[in-house]
Protein chains: 2
Amino acid sequence: MTSRHLKLRDYIIYQRRCCATIPIQDVTKQTGITVRTLRYYDQIGLLNPSAKTPGGHRIYSHDDLMRLKHIQFLKQMGFRLQEIDDMLTIQDRDWSASLNNQLAYVLEEQEKLKQMENYLRELLHSMAFEGEAKGAAVRKLIQLSGRSQESRKKYRKLLFEEHEQKLVSRLPKVNGDDPDSLEWIGLIAQLRKNRDAGPDAPQVQRIVRRILEKTDESFSGEDEFLDKLWKIRKCPEQSAQIGMYPLEPELLELFEQAYEVYLTRQQTQHPEQEADS
Amino acid sequence: MTSRHLKLRDYIIYQRRCCATIPIQDVTKQTGITVRTLRYYDQIGLLNPSAKTPGGHRIYSHDDLMRLKHIQFLKQMGFRLQEIDDMLTIQDRDWSASLNNQLAYVLEEQEKLKQMENYLRELLHSMAFEGEAKGAAVRKLIQLSGRSQESRKKYRKLLFEEHEQKLVSRLPKVNGDDPDSLEWIGLIAQLRKNRDAGPDAPQVQRIVRRILEKTDESFSGEDEFLDKLWKIRKCPEQSAQIGMYPLEPELLELFEQAYEVYLTRQQTQHPEQEADS
DNA sequence: ATTTAAGATGACGTGACGTCACTTTCAATC
DNA sequence: GATTGAAAGTGACGTCACGTCATCTTAAAT
């Protein structure tokens, strides 16, 4: 018993002098890697500590620490533990293939996440349009997401000519986070809130005025284009197919009525200004 | 036996007439979801088929299909099955919290992937600089990645004044994929390839000329800045701290010698042109 | 009645650990 | 030398969304 104890202490002191034995606690403090993880790495053979006490406690060397830091870095790069083991043990092969592979994977994942971001924004904005109707919004999105964006682009080309393509890009996108789109969404949401107020209510008239101002700002002089767009807007299926969120018919009708009221009021109030403005 | 058979057939025919029973094969064909997955969804209670044959075969309805498509969509958005179950069963709560949550998560993941992309490019380019030395490149990267970019920016501010900050941004970044950075990396790699050719070899001289042209193109008139930069370049530790990949001393020395050879040749060949160009 | 394809069930495996339960070891204190 | 408490060890089970067998049953056709 006594001799064993002394032997152990000598052994540890020897280790400290020679290549600085590091207990598992210090390893976790220096790297932030948990004890469990270190035991797991030992278990799968990714990082076997270079020594053990006679009692079985793991003792790490500085070389082990270096290897661990390499592992940590490569893991942050998204490599799996088996790949890391391969990369670190097979010293002679160069890594460019693995790295390029991983880079391609990372780029692919980024694309997916961007798609997800788009759909999530689209859903959020659609819910802002619709108030609280979740099911309907998802149902439409599912139809849109089923077909790839390719088909939507294709359909757009069928509907609009080249010049008008540029104008379409200026339309508020339901999944955009630019201030323009957000303002449009806000306007539509306000119109929905006042759907029961009637077309000649002052709030509705204010909203109509702001919508017209915004339309003029974006598409002044493109009356033919606006006309075509308005016809598509009235057909829910076509709206969905070019990527615009389909508005309910009642909302469109409300806007049309309010628009007429707005026009007649403009004419009675400023009959001469309307000609040149 | 016979009566049981007849009963079963009647049952199925009844189902077909009433709400269109769909066998599991058709579900997989329409959705692309595997049989195993459908059984799993049944097991965890995410999608229990609305009926079963007396023998235990699953029978899906159109409502089931709708729910399945919702599940499929939400899963593509990155939600977990338990969350999807919650979202679909608790009908009254709105989804905006979940969606915003998920959007935040998606944005966070995108950030991480961009970081990974940067480090991977940096590693690849570093290996192009160094030839094939993997360990050294990774070791340096680990040191850089250990400290956040904050400390690097901080150090940059200590070394350079505000005006020079803009010039630093024009330096080739070791992790950039812009044509400028790639050209620099190519030049350095070529210089490394001809490291044994001696400073007055014609290939080396051509490289030096191209390097000087490129330097002039980016930093003409900023001699003081270039001088400072050159001093930092000679100190590997400082180079690493501002995010430039540290070049080995021999390469820098080779370039200095080749530069002097280049200058003397220029002066002997065109002694009068050097004044105004 | 037999065949056969398709369906069901159950069990195990994946990856990188977290968590819990229980035992052993280390170093120090009495 | 005995005790003690903290830290170390091992082993087993759980995670998540299924894939992959192996084995058994059912449905529908011949």
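Residue numbers begin at 1 in each chain, while the letters A, B, ... track the order of the sequences.
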*Hey, is the main chain of A/Ile22 close enough, under 3.5 Å, to the side chain of A/Asp26 for a donor-acceptor pair?*
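Here the side-chain-to-backbone pair does not exist.
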*Just by modelled atom types, is the B/Gly32 backbone N or O under 3.5 Å from a matching donor or acceptor in the B/Thr28 side chain?*
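Judged by distance alone, no pair lies under 3.5 Å.
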Just how far, in rounded Å, is [atom2] of [N] from [atom1] of [X]?
{"X": "A/Gln25", "N": "D/dA6", "atom1": "CD", "atom2": "C1'", "result": "10 Å"}
{"X": "B/Gln43", "N": "D/dA17", "atom1": "CD", "atom2": "P", "result": "13 Å"}
{"X": "A/Asp42", "N": "D/dT10", "atom1": "CG", "atom2": "C1'", "result": "12 Å"}
{"X": "A/Arg36", "N": "D/dC13", "atom1": "CZ", "atom2": "C1'", "result": "11 Å"}
{"X": "A/Arg39", "N": "D/dG11", "atom1": "CZ", "atom2": "C1'", "result": "11 Å"}
{"X": "A/Lys52", "N": "D/dT10", "atom1": "NZ", "atom2": "C1'", "result": "10 Å"}
{"X": "B/Tyr40", "N": "D/dG19", "atom1": "OH", "atom2": "P", "result": "11 Å"}
{"X": "A/Gln76", "N": "C/dA16", "atom1": "CD", "atom2": "P", "result": "15 Å"}

Of the nucleotides [options], which one has an atom closest to the side chain of [X]?
{"X": "B/His57", "options": "C/dC17, D/dA27, C/dT25", "answer": "D/dA27"}
{"X": "A/Thr34", "options": "D/dT10, C/dC17, C/dG18", "answer": "C/dG18"}
{"X": "A/Thr53", "options": "D/dG9, C/dC26, C/dA8", "answer": "C/dC26"}
{"X": "A/Val35", "options": "D/dA27, D/dG9, D/dC18", "answer": "D/dG9"}

*Residue that, paired with A/Gln110, satisfies side chain to side chain donor-acceptor pair (under 3.5 Å) out of B/Glu117, B/Lys112, B/Gln110, B/Glu109*: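 By the side chain to side chain donor-acceptor pair (under 3.5 Å) criterion, A/Gln110 pairs with just one of B/Glu117, B/Lys112, B/Gln110, B/Glu109: B/Glu117.
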*Look at B/Asp85 together with B/Arg67 and state whether they make a salt bridge at an N to O cut-off of under 4.0 Å.*
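Yes.
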*Mind checking A/Ile44 for me? I need base, sugar-phosphate or nothing, with any heavy atom below 4.0 Å counting as a touch.*
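Nothing, no nucleic acid heavy atom in range.
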*So what does A/Arg80 touch, heavy atoms closer than 4.0 Å: a base, only the sugar-phosphate, or nothing?*
sugar-phosphate
_Quick check on side-chain contact (heavy atoms from CB on, under 4.5 Å): which of B/Val27, B/Asp64, B/Leu46, B/Thr31 does B/Leu38 satisfy it with?_
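Considering B/Val27, B/Asp64, B/Leu46, B/Thr31, a side-chain contact (heavy atoms from CB on, under 4.5 Å) with B/Leu38 is found only for B/Val27.
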